[in-house]
Structures are given as C-alpha cells and as structure tokens.
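Residue numbers start from 1 in every chain, and the chains themselves are labelled A, B, ... in the order their sequence lines are given, proteins ahead of strands. All values below were derived from every heavy atom in this structure, side-chain atoms included, with hydrogens, water molecules and symmetry-related copies excluded.
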Amino acid sequence: MLDLNFVRDNLALVEEKLRQRGMNPAEVLKDFQSIDSERRLAITQTETLQARRNKASEEIARLKKNKEDASALIKETQDLRGQIQEGEKKAADADARLREILTALPNLPHTSVPVGTSEQSNVEARRWGTAPQFDFTPKPHWELGEQLGILDLERAAKLSGARFAVYWALGARLERALANFMLDLHTREHGYTEVLPPYMVNSESMYGTGQLPKFAQDLFRVPHGEKDLWLIPTAEVPVTNLYRDETLDAAKLPICLTAYTPCFRSEAGSYGKDVRGIIRQHQFQKVELVKFSRPESSYDELEKLTHNAETVLQKLGLHYRVVTLCTGDMGFSAAKTYDIEVWLPGQNLFREISSCSNFENFQARRANIRYRPEGKSKTELVHTLNGSGLAVGRTWVAIVENYQQADGSVRVPDALQPYMGTDCIKARSM
RNA sequence: GGAGGGAUGUGUGAGCGGUUGAAACAGUCGGUCUUGAAAACCGAUGUACGGGAAACCGUACCGGGGGUUCGAAUCCCUCUCCCUCCGCCA
C-alpha cells in the first residue's frame, strides 16, 4: 500500500507512475481528492467535539472530587455523545472508501525500471553460459518424462484433473534432490535461515503481501468455520508475514530466510496457455528467498538475492538470461523485478524460472513490519524482498531438457549427483 | 469437544471508572565522570491520524468488535489467539 500522505502530496507523480504501468489514473484514483477532504473535514469536526467532551469530563471529575454539584455539566455533555458517534461514523465511512482506493493502487516503479506497456519492453540485463548443442533433435520434457516413466500426467489427471503431475522413481527423487541442493546452497553458502511455514494462511496474511483483496480469483480458498483459509501461492506469503505487526531489531537486518514449500495457484484465465507438460501447474514446489532490509540498502540486497538465485543455475550448468521487467510487466506489489529465464532446448526458448523483486515498503506498510534505526526514537517500515531460488518444477524441466542424450536418458549434472546417487536417469524398469 | 487462566509500549511486567499515554525494570539513544572502556549517575525514548510554515496543539489506540457511562486499560457482551487440565488423535 502507498502512503496516504505521499499520494496526497505527490498526486501528479503517482498518476504518471500509474500511467507507466498501463493504468488509467482517472479510473483507479476515482474521487480520491474529494473523499480525502471529506474524510479530513469529518475528522476535524469530530475531534473538536471530542475535545470539548474531554474538557467537560475533566471538569466534572474535579467538581466531584471537591464534593461540588456537577449535574448541570453532566446534563450538558450528555447529548454530545450522539453527535460524536455520528461524526465518527461519517469519518469511518470516508476512511473506508479512501482505503478501498488506496489498497487497489499498485506499487510505484523504481526510477531504474524501464518504461513500457508490455513484456516487449523488458530489458535483458545479462546472459550466462551457452545453449547446449545436440546432434539430434532435442525433445520437450513431457515426451522425455513419459518415455523414461518418471512423469505421469495421465494418472495425475485421474487423481486431480488437468495441471497436476505425478513423479515416479528417479523423477520424484530429482525433485527432492533439487530442493535439497538449493536449500543447502542458500543456507550454507548464502547465509539464509531455513524456515518451514504453514501451507494455509488466513486472509490477513494474504492482505499483508498484496494477494488480497484484488487477486482472490488466483487463489485456492479453503472453507474453515467462520473464516476461510487460503492455500499459499508462494512461500513469500507465510514467510514475509512471519514478522507482521512486529518491530525488528535493527542490528539483525538484513534478515534472510529461505523456505521450500508447495505453491497452489488456480491459474484462472490461463486456459489454453502452457497446456503441455508441467510448466504451469495448480501445484508446484518452490524454494523461496525472502529478505527484510533497511530501506537504504534494499537495492543492493535485490542484486545479491538475484545473484543467489543465479548461482543455482550456474552450479547446475544451465544457460540463462536475466531480464529487468518494464513498468507494464511488473507485479502489483513490486517496485522493481528481475526475471531469470532458463534455456529450454526441447522448446527452443527462454522460460521464467525465478522472479526477484524489491517491494520497498509497500508490503511492510500493509503488514506493519518495522525496525528502529540506530540513534532514532521513531520506528520505520522495513523494505521486503523476495525471489524464487528456484522454482523446482521448472528446474526439473530444465535439467531433463538440457541434459537429455540421444538414447532418451538424462545425464545428472555433477553438483546434483551426491543428491541423486546416480549420474544418469534411465528408463524406469517398473 | 468439556473446565479454568490469560492477552498492556522494543521486551519483561504493574495498573481502586476520574491529571494513566499508561508505574517499575530492561533495552536503545544523548550527557556527566574516565587516558579509553566498563560501572555509576542524570536526561530522553510508542504508533496512527487531524490542524499548523514551524514550535506545537488536538484526537484515537492497553488482542479485535460492540455496549454501559458525563468519563473505560479498568465494568458488561462477543469474537480471535495463547496457557493449564480432561477427552480424542498422527
């Protein structure tokens, strides 16, 4: 959420940034200004009445202490209550309408973000490695997976429907090996602390990271008594919300956490997109990196976090590129985002495997996550960041497609062999 | 599911319906002292919103919501969460 005072004082800038995101400011800002002044008027009026009541109450207390008669003053103050309640209602109503506008506003893009309306305007920041060369036509992972007997989409459909997968044998082990490899790398070499959070969260948590109220249609909702729970679409949600409504110790910043969790996405509106293979699933597993940072160093932390994610690909020997998302292609809560795209020879394209973002204080304001800067008495909002490190399902795809051999088997990259216990994935015998 | 107990500021933890935005201690920051540090002592230390150029003033907030009252951290109702005991359970 953006700061109310900031929006009021910098309306022209906010409108410009919204336009850069491809939004119509007149539409999303609606009657911001008139509701804002309506709200402030109601607050001023109500507070004047409250001040009068408080003064009178003090006087009554004084009179009673001296055993004097206060009945006249009490009578006078009695009808103030109705007026105050009325004023409070008016203020609360205006506040709710203002909040509705405010919570629907996306974060403002950082000045370093390229301006553009679609992914066409994304800018490639760098490229690592080279695409593997084959003396045969490389196959897509769904063909390889099926031939090897390690990926079973047909039975997954029987169990759950489209966009689910069953992994068998070395296919299942590959998923587990990748997760362990990534977690070990981030905890042992990159300084992250591993956490294992709940996979279902309440609405407050979804609100804190920005999924609610706008994007309920992308989530799986679980009915539970009076209040519903939600399946997490990414570990970002529970991990960032760990510190909701808390004031963090400045000396401990940046706090770097990593979590391996399943992610559940309804993928509403993506019918006909990525229908083959396991690129787009209702459930996939992901190792997530989350940081809580001081504001002044959050962009350095974004670079580090992105490199931490890239290291996974480098150690696995997978060709990739890093792309800076343009203003029109960024997510709702992000101020700046790098996508890491891995090369998939079976499909002859780069495919997103990680998305690393700085949210500045957008999530921290919603979730009320603060710290106290040294030498200051006031607390300030932290900056939150996160990125995939990496999406395990898509890494599985990348391994299978990039390390496929002419006979249909898959070579296991060196870094992964200790975790796999073998150097080659061959067709499953049973 | 049944019976009790609790939720207060950065933390621990006081708080007869009326100068309690809130004791005390710890923490943090500033100062005195010291060659330096520690200790000791002194002082300052919540958030949000509104008004104001500012100094500052006002209002709200003691888990959430509602009520009683001229006045609620304090009394009543309700919800949530935590703890103890019983039952069930991987």
Side-chain angles (χ1 to χ4, degrees), chain A residues 1-9 32-103 196-208 223-230 238 241-253 255 292 294 361-362 364-382:
Chain A
M1 188 165 68
L2 300 177
D3 179 45
L4 170 62
N5 293 309
F6 180 86
V7 176
R8 181 189 300 139
D9 297 340
F32 175 83
Q33 279 178 306
S34 64
I35 296 172
D36 182 47
S37 36
E38 194 182 316
R39 169 177 170 275
R40 284 194 283 174
L41 182 66
I43 288 174
T44 308
Q45 287 175 342
T46 308
E47 289 188 349
T48 308
L49 293 172
Q50 285 172 324
R52 210 196 299 168
R53 181 199 60 193
N54 289 347
K55 279 272 181 297
S57 289
E58 248 174 72
E59 180 65 10
I60 289 165
R62 203 183 56 77
L63 288 172
K64 288 206 164 180
K65 210 173 223 172
N66 298 338
K67 306 258 190 255
E68 291 176 52
D69 178 38
S71 57
L73 199 51
I74 289 176
K75 200 155 191 197
E76 203 182 306
T77 356
Q78 259 162 354
D79 38 301
L80 268 179
R81 187 147 52 116
Q83 294 179 49
I84 289 171
Q85 282 179 340
E86 205 176 300
E88 278 175 339
K89 218 182 137 209
K90 255 165 68 180
D93 174 66
D95 193 70
R97 281 184 291 152
L98 200 63
R99 209 178 163 73
E100 201 176 304
I101 294 175
L102 227 45
T103 55
L196 199 161
Y199 303 155
M200 290 188 274
V201 298
N202 56 29
S203 299
E204 288 77 8
S205 298
M206 285 296 183
Y207 177 87
H224 181 252
E226 297 286 299
K227 290 162 101 189
D228 293 345
L229 290 171
W230 306 84
N241 277 281
L242 281 174
Y243 293 122
R244 174 149 51 86
D245 292 321
E246 292 193 31
T247 302
L248 303 174
D249 183 357
K252 296 213 167 82
L253 297 177
I255 295 172
F292 303 83
R294 296 163 190 273
N361 63 21
F362 188 86
R365 182 171 295 106
R366 287 175 163 241
N368 189 29
I369 307 171
R370 306 178 159 271
Y371 80 109
R372 189 182 307 278
E374 287 88 344
K376 295 232 176 94
S377 64
K378 280 198 170 261
T379 57
E380 278 178 30
L381 297 167
V382 299

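- Other residues, nucleotides and ligands contribute more than 12 heavy atoms inside 6.0 Å of the CD atom of A/Glu204.
- Look at the C1' atom in both B/C70 and B/G64: the space between them is 27 Å, to the nearest Å.
- No engagement by A/Ala56 is indicated, since no non-hydrogen atom pair under 4.0 Å with the nucleic acid exists.
- Rounded to whole Å, the separation between the C1' atoms of B/C41 and B/G4 comes to 47 Å.
- Put simply, CG on A/Leu73 is 17 Å from P on B/U69, counting in whole angstrom units.
- Counting to the nearest Å, the P atom of B/U28 and the CG atom of A/Leu253 are 16 Å from each other.
- A donor atom on one side chain and an acceptor atom on the other are not found under 3.5 Å apart for A/Ser57 and A/Asn54.
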If you write RNA chain B from 5' to 3' in dot-bracket form, with Watson-Crick or G-U pairs under 3.5 Å, [ ] for crossing pairs and | for pairs with another strand, what do you get?
((((((((.[[[..)..(.....]]]((((((.......))))))((((((....)))))).[[[[[..)....]]]]])))))))....
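- Along RNA chain B, the nucleotide closest to A/Ile74 and the one closest to A/Gln85 are compared, and the more 5′ of them pairs with A/Gln85.
- For the pair A/Lys90/A/Glu38, no side-chain contact is recorded, criterion being any heavy-atom separation below 4.5 Å from C-beta on.
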Polar atom pairs (N or O), protein with nucleotides 71-77 of chain B, under 3.5 Å:
unit_1	atom_1	unit_2	atom_2	d
B/G71	O4'	A/Ser57	OG	3.1

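- Going from atom OH of A/Tyr371 over to atom CG of A/Leu381 covers 9.5 Å, rounded to the nearest 0.5 Å.
- Under the 4.5 Å side-chain criterion, counting only non-hydrogen atoms from C-beta, A/Thr103 is in contact with A/Tyr207.
- Under the 4.5 Å side-chain criterion, counting only non-hydrogen atoms from C-beta, A/Val7 is not in contact with A/Leu4.
- Taking atom P in both B/C25 and B/A73, one finds a spacing of 25 Å when rounded to whole Å.
- Per the geometry, CD belonging to A/Glu58 stands 13 Å off C1' belonging to B/G58, to the nearest Å.
- At whole-Å resolution of the value, CD in A/Gln83 and C1' in B/C70 are 14 Å apart.
- Taking atom P on both B/C82 and B/G67, the two are 28 Å apart, rounded to the nearest angstrom.
- With both ends at atom C1', the span from B/A90 to B/G5 equals 29 Å, rounded to whole Å.
- Atom OH of A/Tyr371 and atom C1' of B/G11 are 20 Å apart (whole Å).
- Note: CG (A/Leu381) to C1' (B/U47) measures 11 Å, nearest angstrom.
- One P atom belongs to B/A53, the other to B/U10, and the distance between them is 31 Å to the nearest Å.
- With hydrogens and angles disregarded, no donor-acceptor distance shorter than 3.5 Å links the side chain of A/Asn361 to the backbone of A/Ala364.
- If you check every strand for non-hydrogen atoms under 4.0 Å, A/Lys75 touches nothing.
- Here the CZ atom belonging to A/Arg53 is positioned 12.5 Å from the OG1 atom belonging to A/Thr48, to the nearest 0.5 angstrom.
- Among B/U47, B/U59, B/C70, the nucleotide with an atom closest to any side-chain atom of A/Ala51 is B/U59.
- What separates CG of A/Asn202 from P of B/C81 is a distance of 10 Å, to the nearest Å.
- Atoms CD1 (A/Ile369) and C1' (B/U10) sit 16 Å apart, rounded to a whole Å.
- The CG atom of A/Asn368 sits 5.0 Å away from atom CG of A/Asp245, with the distance rounded to the nearest 0.5 Å.
- Separating the C1' atom of B/U32 from that of B/G46 is a span of 28 Å, rounded to the nearest Å.
- Within 6.0 Å of CD on A/Glu86 lie no more than 12 heavy atoms contributed by other residues, nucleotides or ligands.
- Shortest non-hydrogen contact noted between A/Leu73 and A/Ala56 is CD2-O, 3.9 Å.
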Could you walk me through whether A/Arg52 and A/Leu49 pass the side-chain contact (heavy atoms from CB on, under 4.5 Å) check?
CA-CA 5 Å; A/Arg52 210 196 299 168; A/Leu49 293 172; 3.8 Å; yes
Between protein and nucleic acid, restricted to nucleotides 50-56 of chain B and to nitrogen or oxygen atoms under 3.5 Å apart, what atom pairs and distances do you find?
unit_1	atom_1	unit_2	atom_2	d
B/G50	OP1	A/Arg8	NH2	2.7
B/G50	OP1	A/Arg39	NH1	3.3
B/G50	O2'	A/Thr44	OG1	3.0
B/G51	OP1	A/Arg40	NH1	3.2

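- Place A/Gln78 and A/Asp3 on RNA chain B by their nearest nucleotides, and A/Asp3 ends up nearer the 5' end.
- Between the P atoms of B/G27 and B/A72, the separation comes to 36 Å (whole Å).
- Heavy atoms of other residues, nucleotides or ligands lying less than 6.0 angstrom from CZ of A/Arg8 number more than 12.
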